[in-house]
Amino acid sequence: MYISIDFNSDEALYLQLRNQIILAIVKAELQEGENLPSVRDMAETVGINMHTVNKAYAMLRQEGYLRLDRRHGAVVAVDMDQVKATMELAETLDLILAQAICKNVSRSDVHDLVDQIYNQYEGFRNGE
């Protein structure tokens, strides 16, 4: 896995690292159960502060991409079906949102519509 940080970007360094790790998981460059470099090693390799790496790893853990283990460090632990579904959804939404913007549909209207549709189907998941 190759990590490249753009120090001139407006995007925070920890977000750049987080995003690249997520992309590596999606592209199968990182596999379920695979250990990431230690915080110290990642910081040295990428050339950023250990606290920055720690923040990225913590965020990835909270989002369900990693589990942190005292003996094994950061380990890829993600439901690949969910990641694949999310990526497919993003591709679909990309075109749909572009069409909505071209037709002057507001962000607020899009959010309201997504909430309505999601709520409609959420009951099926919960057995309602």
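Everything quoted here is computed from the prediction, not taken from an experiment. Hydrogens, waters and symmetry mates play no part in the numbers below; they use all other heavy atoms, side chains included.
- Scanning both residues, Tyr2 and Gln20, for their nearest heavy atoms gives O-OE1, 3.8 Å.
- Side-chain N or O atoms of Thr52 include none that pairs as donor or acceptor with a backbone N or O of Ile48 at under 3.5 Å.
- One N or O on the side chain of Glu34 and one on the backbone of Gln31 form a donor-acceptor pair closer than 3.5 Å.
- Considering CG of Leu23 and CZ of Arg18, their distance stands at 9.5 Å, rounded to 0.5 Å.
- Across all their heavy atoms, Ile5 and Leu13 have their closest contact at CG2-CD2, 3.3 Å.
- To the nearest 0.5 angstrom, Tyr57 atom OH is 14.0 Å from Arg67 atom CZ.
- A donor-acceptor contact shorter than 3.5 Å links the side chain of Asn35 to the backbone of His72.
- Contact between Ile3 and Val46 at its shortest, heavy atoms only, is CG2-CG2, 3.7 Å.
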Query raised in the report: So Ile25 and Glu32, side-chain contact (heavy atoms from CB on, under 4.5 Å) or not? Walk me through it.
Result: CA-CA 8 Å; Ile25 292 169; Glu32 177 78 21; over 6 Å; no
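- Checked by atom type and distance alone, the side chain of Asn19 pairs as donor or acceptor with a backbone atom of Leu15 at under 3.5 Å.
- Pairing each heavy atom of Tyr14 with each of Ala56, the nearest pair is O-CB, 3.5 Å.
- Between the CG atom of Leu36 and the CG atom of Asp41 there is a distance of 11.0 Å, given to the nearest 0.5 Å.
- Although no hydrogens or angles enter the test, the distance criterion places a donor-acceptor pair under 3.5 Å between the side chain of Asn119 and the main chain of Asp115.
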